[in-house]
Number of protein chains: 2
Amino acid sequence: MNDAPFDDGGPKSRRRSVSGPTSADVARLAGVSRSTVSRTFTPGASIDPVTAARVRAAAEELRYSVDPLARSLISRRSDTVGLVMGGLENPFYPAVAAGFMERLQQRDLRVMCHVAADIEAVADGVRAMLRYRVDALIVTASGMSNAAVDDCRRAGVTVIFFNRAVTLSAASSVQTDNVAGGRAVADHLAACGYARPAYVAGLANASTNRDRQAGFTDRLAERRLPAPRVESGGYTYEGGCDAATRLLRTKPRPDAIFCANDIMAMGVLDTLRHAHGLSVPDDMAVVGFDDVPMAGWPSFDLTTVRQRRNRMIEVTLDLLDDLRGDAEAPPVHRLIPGRLILRSSTRSP
Amino acid sequence: MNDAPFDDGGPKSRRRSVSGPTSADVARLAGVSRSTVSRTFTPGASIDPVTAARVRAAAEELRYSVDPLARSLISRRSDTVGLVMGGLENPFYPAVAAGFMERLQQRDLRVMCHVAADIEAVADGVRAMLRYRVDALIVTASGMSNAAVDDCRRAGVTVIFFNRAVTLSAASSVQTDNVAGGRAVADHLAACGYARPAYVAGLANASTNRDRQAGFTDRLAERRLPAPRVESGGYTYEGGCDAATRLLRTKPRPDAIFCANDIMAMGVLDTLRHAHGLSVPDDMAVVGFDDVPMAGWPSFDLTTVRQRRNRMIEVTLDLLDDLRGDAEAPPVHRLIPGRLILRSSTRSP
DNA sequence: GTGAAAGCGCTAACAT
DNA sequence: ATGTTAGCGCTTTCAC
């Protein structure tokens, strides 16, 4: 054993806290300068491969890894991505969140999460994350003020909206072609012979809701069908239940209900069947949007517009790679087509 | 306008990057030292209220806020909590995650998230988070190696398992009393006159699953009922469907199925009703665990054991407050009672 | 390609 | 209660 009996640390050993070895330790062991160690762990730096190998070996031996906080302090990036979500009640969003996390983790990026119900809370979360120097921000929350987007651009942080339209702001977006989705539903209902459509809306100011409604309504008009009766369901199951009840009281009673998401559609279905004893699709058709896994369960077997979730996530991350660190880059907008999935909550054409 | 025509920054102005004002700027404006500024923004520091007010005013004017990364570098805490999750398919977990995030945000703590399917991935995520100096770790993933827990203790990071039993490790835990939950189900089924119980298991090595099964089985034995036939459902809907099909082939056929979570119970229900035309609860009783919102929907109306989610979250955060920064503190284990919710998937007693 | 020196923005130790 | 000094661990000029 190699004792060092008098090693009380010397004069400057102010009992270094529990943290691990530093680049200085590695430099000493490898016989190079600290800069060289740093360069070894900086992707595109120019360095002699042999030296690099020696440094890596030393790092391995000491079980050294770069302190990301110290690195961030000077390099002004953090290898961290912020994920701002509006809520996780609709199962579409946890699936999206998990998809992002898995893929970001694979790229060795950390994920900082925030849930925010309203536009104010979104701004707060964004600002908090900017202070932590996130490299980029993915926003699935429904609203974000232009002021907050500006803060991001000023900080050099690219923002991508996931399933949110972006008007006049500097942010990019990736979303399902919600208008086309709404149109497809109108076409399908028309083809099946339904004649009195209704629409159960999500949140009034969510672009997803507006686009789905616009596509649906426009296409109905093009096919000379009446404008749909509209009730709000607030994107929740209970909201769908209530909307269904209200729709049943209207005259003439609708014969087909398109809901802005699957959860509301399930509320509608349950209410029609269990509270009013109606048969779907014979008495009434019900269509949703998202194609969450539950939509395919036999209890619902819901006709719906599938969002290509994984594709949307991939596209978002590709965009992130392109845009990261270049806050001046012009915003990019990508529309991913959805797909109408026919099930038994609508008649066959 | 107050021009400063020759202010090219002077010799040392190496064009400071886009970041905002620093504590030095505030110190200058307020006429105090940087330490005083720092103390103003450090909760329990001793400082003259009048001075503090002046500093705050200066900070406000410059729109200054502490750089958390620089602070972390020296203070060795980050005001960030790590949340390690096993997956978000079971809607119980997104709800838990959202609950934690909302409350942590209120305390002005950031949340770093990680999803990890297996014990290896959990360890990787934990280690990555430790490098980012998270102050504490909340783990809802099903497994974590003792080595990873040790890493945390060495780093001074308290770990709390949420709904996971902890054996022989230094971590604390908060969980539903799963054993009691299983026992309550056995009592209820016995009281309703069911005589041939079955159990659909979750993941074999999850403590939630083991405890629920143990409580159920033990209580059945105490009541002189046969040991339940066991089929695995892997905590998924599809797993529940398959398990139901297998159970229907066994002789004697079970008349009551207790599932380790609601999602599997819904798979069982759907399969019994739609694939086999059976009636629940007349031909067969089905019981779940969790009481996710869907369990109350009329399509399922599932008898289940409710987990007091919000209570569990509060308890976890209280524990966090007590334990944070004190990695030597002995681990604490809290058991929260569940509650059997009676619905129509079981007969009345 | 490599090293020396300067400092990112902050807080902790020590002195007063 | 406040100021001074040192330094967290790293990357980045700037020389060579």
Side-chain angles (χ1 to χ4, degrees), chain A residues 9 11-28 30-55 59 62 64-79 130-133 155-156, chain B residues 9-28 30-55 59 62 64-79 130-133 155-156 325:
Chain A
K12 55 158 54 171
S13 116
R14 242 202 264 154
R15 189 116 290 349
R16 185 174 45 271
S17 40
V18 280
S19 74
T22 72
S23 65
D25 299 327
V26 177
R28 207 170 304 125
V32 297
S33 70
R34 271 150 60 225
S35 333
T36 301
V37 175
S38 171
R39 282 192 264 264
T40 305
F41 294 105
T42 303
S46 41
I47 187 165
D48 176 60
V50 182
T51 318
R54 201 167 67 241
V55 172
L62 297 176
Y64 165 81
S65 64
V66 179
D67 181 329
L69 261 43
R71 165 182 273 175
S72 302
L73 187 58
I74 193 158
S75 71
R76 334 218 56 109
R77 56 181 184 70
S78 60
D79 294 337
L130 288 181
R131 302 206 303 137
Y132 278 80
R133 295 228 145 76
Chain B
K12 56 159 52 174
S13 115
R14 243 202 263 155
R15 189 113 293 350
R16 180 161 65 264
S17 42
V18 282
S19 75
T22 72
S23 66
D25 300 327
V26 177
R28 206 171 303 125
V32 297
S33 71
R34 273 152 56 225
S35 331
T36 302
V37 175
S38 171
R39 284 191 263 262
T40 306
F41 294 105
T42 302
S46 40
I47 185 164
D48 176 61
V50 183
T51 318
R54 201 166 68 242
V55 172
L62 297 176
Y64 165 82
S65 64
V66 180
D67 181 329
L69 262 43
R71 166 182 272 175
S72 302
L73 186 58
I74 193 157
S75 71
R76 332 218 60 109
R77 56 180 183 72
S78 60
D79 293 337
L130 287 181
R131 301 206 303 137
Y132 278 80
R133 296 225 143 74

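All chains are named by letter (A, B, ...) in the order of the sequence lines, taking the proteins before the strands, and each is independently numbered beginning at 1.
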Can you tell me how far [atom2] of [N] sits from [atom1] of [X], to the nearest Å?
X: A:Arg77; N: C:dC8; atom1: CZ; atom2: P; result: 19 Å
X: B:Arg28; N: D:dG3; atom1: CZ; atom2: C1'; result: 16 Å
X: A:Asp25; N: D:dC8; atom1: CG; atom2: C1'; result: 14 Å
X: B:Asp79; N: C:dC10; atom1: CG; atom2: P; result: 14 Å
X: A:Leu69; N: D:dT11; atom1: CG; atom2: P; result: 12 Å
X: B:Arg71; N: C:dC8; atom1: CZ; atom2: C1'; result: 16 Å
X: B:Arg39; N: C:dT11; atom1: CZ; atom2: P; result: 11 Å
X: A:Arg76; N: C:dG7; atom1: CZ; atom2: P; result: 15 Å

Residue pairs fulfilling side chain to side chain donor-acceptor pair (under 3.5 Å) with at least one residue in residues 33-44 of chain B, sequence neighbours excluded: B:Ser33-B:Thr36
Hey, does [X] reach any base, or is it just sugar-phosphate, or nothing, if we go heavy atoms under 4.0 Å?
X: A:Tyr64; answer: sugar-phosphate
X: A:Leu73; answer: base
X: B:Val37; answer: nothing
X: B:Ser35; answer: base
X: A:Thr51; answer: sugar-phosphate

Any side-chain heavy-atom pair of B:Asp67 and A:Arg131 under 4.5 Å: no
Non-hydrogen side-chain atoms of A:Tyr132 and B:Leu69 separated by less than 4.5 Å: yes
Closest to side chain of A:Ile74, choosing from D:dC10, C:dT11, C:dG9: D:dC10
Which nucleotide in C:dG3, C:dT11, C:dG9 has an atom nearest any side-chain atom of A:Thr36: C:dG3
Using a cut-off of less than 4.0 Å, is there contact between a side-chain N or O of [X] and OP1 or OP2 of [N]?
X: A:Ser46; N: C:dG1; answer: yes
X: A:Ser23; N: D:dC10; answer: yes
X: A:Ser33; N: C:dG3; answer: yes
X: B:Ser38; N: C:dT11; answer: yes

B:Arg77: partners by salt bridge (charged side-chain N to carboxylate O under 4.0 Å, His left out), with sequence neighbours left out: B:Asp79
Rounded distance [0.5 Å steps], OG in B:Ser23 versus CZ in B:Phe41: 9.5 Å
Closest-nucleotide 5' rank along DNA chain C - winner of A:Arg34 and A:Ala52: A:Ala52
